[in-house]
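A note on names: the letters A, B, ... follow the listed sequences, proteins ahead of strands, and every chain is numbered from 1.
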Amino acid sequence: MKHWLVKSEPEAYSWTTFVQEDGTAWTGVRNYQARNNLNLMQPGDLVLFYHSVSEKAVVGIAEVAALAAPDATAETGSPWVAVALRPVQPLPLPVSLAQIKADARLSELALLRQSRLSVLPVRPEEFDAVLALGTK
DNA sequence: GCCAACGTTGGC
DNA sequence: GCCAACGTTGGC
């Protein structure tokens with residue numbers, strides 16, 4: 001199983017909305033590297049849900065519910081894809097970017113290296129470290 | 001509000 | 001094909 005992190009500005013689409021809707025198609029990704037990551041996702045992969053900009057914290061865990069398929073919000077024939085995500089559980093404690101930066105286990109987290117990429121891979125041990133911080 | 005990073009666009 | 005200009009993202 002692979003692990004991932006997706007970002008969303010909470011003002012645009014929040015974890016709360018995601019839970020209320022019981023999941024969503026993760027549409028709107030318009031970056032090739034992010035798209036390549038979407039294409040690598042398998043149903044059951046676990047995904048950290050990160051609130052960028054105003055909150056800057058991992059707030060919950062989602063899972064991939066369906067393989068990448070053409071993004072319905074993009075033009076027909078475009079290369080853009082979306083996966084279906086559904087909520088698994090909120091983190092009891094949001095894990096802030098500051099905490100992530102302060103943790104030696106997370107020093108190589110892709111989020112820190114490529115802060116602008118919206119769909120990022122996460123190593124299993126990194127996923128576990130974030131989970132530990134969020135449930136302590 | 002500013003700025004660094006970085007992707008895209010368009011002129012040459 | 002190169003690169004300057006420009007737009008967007010996201011942290012500070």
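- For DNA chain B, the outermost nucleotides in 5' to 3' order that have an atom under 4.0 Å from a heavy atom of chain A are dA5(B) to dT8(B).
- Note on Leu97(A): only backbone sugar-phosphate atoms sit closer than 4.0 angstrom, heavy atoms only; bases stay farther off.
- Looking at Arg35(A) and Asp71(A), no side-chain N of the basic residue comes within less than 4.0 Å of a carboxylate O on the acidic one, giving no salt bridge.
- Summarising the geometry, atom CD belonging to Gln89(A) is positioned 14.5 Å from atom CZ belonging to Phe49(A); distances are rounded to the nearest 0.5 Å.
- Residues passing the salt bridge (Lys or Arg N to Asp or Glu O under 4.0 Å) test with Arg116(A): none are found, sequence neighbours excluded.
- In this structure Gln33(A) satisfies the side-chain hydrogen bond (donor to acceptor under 3.5 Å, both in side chains) test together with Gln114(A), sequence neighbours excluded.
- Note: the hydrophobic cluster containing Val6(A) also contains Val19(A) (ILVMFWY, side chain heavy atoms under 4.5 Å, direct or indirect links).
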